[in-house]
Amino acid sequence: TRKSRPQRLLKAVEGKATLGDPQSVITAIDHFCRHKEWAMNVGDEKGSILDSLVIELSPVNVLELGTYCGYSTVRIARLLPPGARFITLEFNPDYAAVARQVIGWAGLEDKVQLVEGASGDWIPRLREHFGVQMFDLVFLDHWKDQYLPDTKQLEECGLIQKGTVLLADNVICPGTPDYLKYVRNSPHYDSRYYRSHLEYTKVEDGLEKSVFLGF
Ligand SMILES: O=C(NCCCOCn1ccc2cnccc21)c1cc(-c2ccc(F)cc2)cc(O)c1O
Ligand SMILES: [Mg+2]
């Protein structure tokens, strides 16, 4: 049967990128998605905003919801300080299989723990299973209707604490209206919109950065 889009994206990485060089993996994926076949990676424009926020925050404990092919995983992991802990969660086993190989091509497999499953099942188990107390950064990039329930569950589990930064992709396209309303109206979050575009297109989209102020 015909290869899937993630498998075709992986072939593009294997054909163009240099093993162990994260930037070449990022460049290969962006080239493929811009010139060959669109794919739902955060992309180069929003990716640069993500980079600057990771550099500024220098987070020790990072959670990513929505690995897909590992593009944002590589963008984040390549900027983390030594000893940082990065857990990325992917629901789709085929996506996860491609992401493991993309992360491997970037030489970042030792920095990332890729977990397969649903956020609703995993969030309550992250502390006892991975020994993580709280997250400094959570990158939300999974089902758009899951951003809000998962944020509430992370709060209830104490994995979001004073100073935790939530960074949400696609708050305009496809859109996460209930999540946006929550973080923008809650007295417990200081929220800011970074205007950008849907990856590889001229359509408006952006990232919402929300800092938890504590209860
Ligand atoms: O749908 C998107 N992403 C989500 C994938 C599934 O994620 C499922 N998933 C991953 C972990 C995980 C954990 N628990 C439950 C579900 C979990 C997504 C979609 C678009 C997009 C924009 C315009 C279009 F015309 C078409 C698509 C752009 C994006 O940047 C996206 O991120
Ligand atoms: Mg996205």
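Note that the coordinates shown come from a computational prediction; the quantities given were computed from them, not determined experimentally. The analysis underlying the following values was restricted to heavy atoms, covering all of them including side chains, and did not include hydrogens, waters or symmetry mates. One-based numbering, in listed order, for ligands and for the atoms of each.
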**Request:** Enumerate the atoms of ligand 1 whose separation from the nearest heavy atom of Leu89 is less than 4.0 angstrom.
**Result:** 11 (C)
**Note, Ser4 side chain near Asp94 side chain (heavy atom, < 4.5 Å)** = no
**Message:** I need the nearest protein heavy-atom contact for atom 5 (C) of ligand 1: residue, atom name and distance, please.
**Reply:** Met40 CE, 3.6 Å
**Asked** Is at least one protein non-hydrogen atom found at under 4.0 angstrom from atom 32 (O) of ligand 1?
**Response** yes
**Message:** I need the atoms of ligand 1 closer than 4.0 Å to a non-hydrogen atom of Asp169, numbered in the order shown.
**Reply:** 30 (O)
**Prompt:** Is the shortest distance from a Lys or Arg side-chain nitrogen in Glu155 or Lys152 to a carboxylate oxygen in the other one below 4.0 Å?
**Reply:** no
**Message:** Less than 4.0 Å is my threshold; does some heavy atom of Gly43 fall inside it relative to ligand 1?
**Reply:** no
**Asked** Shortest non-hydrogen contact from Leu9 to Phe32?
**Response** CA-CE2, 3.7 Å
**Message:** Check this for me - ligand 1, Asn170, N or O atoms closer than 3.5 angstrom, yes or no?
**Reply:** yes
**Identity and distance of the protein heavy atom lying nearest atom 9 (N) of ligand 1** = His142 CB, 3.6 Å
**Request:** Work out which heavy atom in Asn61 is nearest to a heavy atom in Met134; give both atom names and the distance.
**Result:** CB-O, 3.3 Å
**Asked** So which protein heavy atom does atom 28 (C) of ligand 1 come closest to, and at what separation?
**Response** Glu199 OE2, 3.2 Å
**Message:** Under a 3.5 Å threshold, yes or no: a donor from one side chain and an acceptor from the other, between Thr88 and Thr67?
**Reply:** yes
**Request:** May I have the step-by-step check of side chain to side chain contact (heavy atoms under 4.5 Å, CB included) for Asp51 and Arg78, ending in yes or no?
**Result:** CA-CA 9 Å; Asp51 287 358; Arg78 85 194 202 285; 2.9 Å; yes
**Message:** How far is atom 3 (N) of ligand 1 from the closest protein heavy atom, and which atom is that?
**Reply:** Lys144 NZ, 3.3 Å
**Asked** Is any NZ, NE, NH1 or NH2 atom of the basic residue among Asp141 and Lys144 found under 4.0 Å from an Asp or Glu carboxylate oxygen of the other?
**Response** yes
**Message:** To make sure I understand the geometry: which N, O or S atom in Asp169 is closest to the Mg ion (ligand 2)?
**Reply:** OD2
**Request:** Applying ring-ring contact (aromatic ring centres under 6.0 Å, His included), run through Tyr147 and His142 and close with a yes or a no.
**Result:** CA-CA 7 Å; Tyr147 285 24; His142 60 328; 5.4 Å; yes
**Asked** Is the Mg ion (ligand 2) less than 2.8 Å from at least one N/O/S atom of Asp141?
**Response** yes
**Prompt:** Does Gln146 come within less than 4.0 angstrom of ligand 1, counting non-hydrogen atoms of the residue?
**Reply:** no
**Asked** Tell me: protein heavy atom nearest atom 13 (C) of ligand 1, and distance?
**Response** Ser119 N, 3.5 Å
**Message:** Checking side chain to side chain contact (heavy atoms under 4.5 Å, CB included) between Phe135 and each of Ile160, Ile87, Leu166, which is the one that passes?
**Reply:** Ile87
**Asked** Is Tyr68 close enough that one of its N/O/S atoms sits under 2.8 Å from the Mg ion (ligand 2)?
**Response** no
**Request:** Going by the side chain to side chain donor-acceptor pair (under 3.5 Å) test, name the single residue among Glu45, Lys46, Glu204 that passes it with Ser196.
**Result:** Glu45
**Request:** Starting from the C-alpha separation in whole Å, work towards a yes-or-no answer on side chain to side chain contact (heavy atoms under 4.5 Å, CB included) for Gln146 and Gln153.
**Result:** CA-CA 10 Å; Gln146 274 305 115; Gln153 198 177 23; over 6 Å; no
**Residue Ala118 vicinity, atoms of ligand 1 by number, heavy atom under 4.0 Å** = 14 (N)
**Complete:** Quick note on ligand 1: atoms under 4.0 Å from a heavy atom of Gly66 include exactly 10 (C), 11 (C)
**Message:** Is there a continuous path of hydrophobic side-chain contacts, each under 4.5 Å between heavy atoms, that joins Leu65 to Leu207?
**Reply:** no
**Message:** Minimum distance, heavy atoms only, to atom 12 (C) of ligand 1: which one of Tyr95, Trp38, Phe91, Trp143 is it?
**Reply:** Phe91
**Close N or O approach (Asp141, ligand 1; < 3.5 Å)** = yes
**Message:** Give the atom numbers and elements of ligand 1 that come within less than 4.0 Å of a heavy atom of Leu198.
**Reply:** 22 (C), 23 (C)
**Prompt:** Would you say the side chains of Asp30 and Tyr200 form a donor-acceptor pair under 3.5 Å?
**Reply:** yes
**Prompt:** Evaluating non-hydrogen atoms only, which member of Gly175, Pro174, Gly117, Cys173 is closest to atom 20 (C) of ligand 1?
**Reply:** Pro174
**Prompt:** Is Lys46 in polar range of ligand 1, meaning some N or O pair under 3.5 Å apart?
**Reply:** no
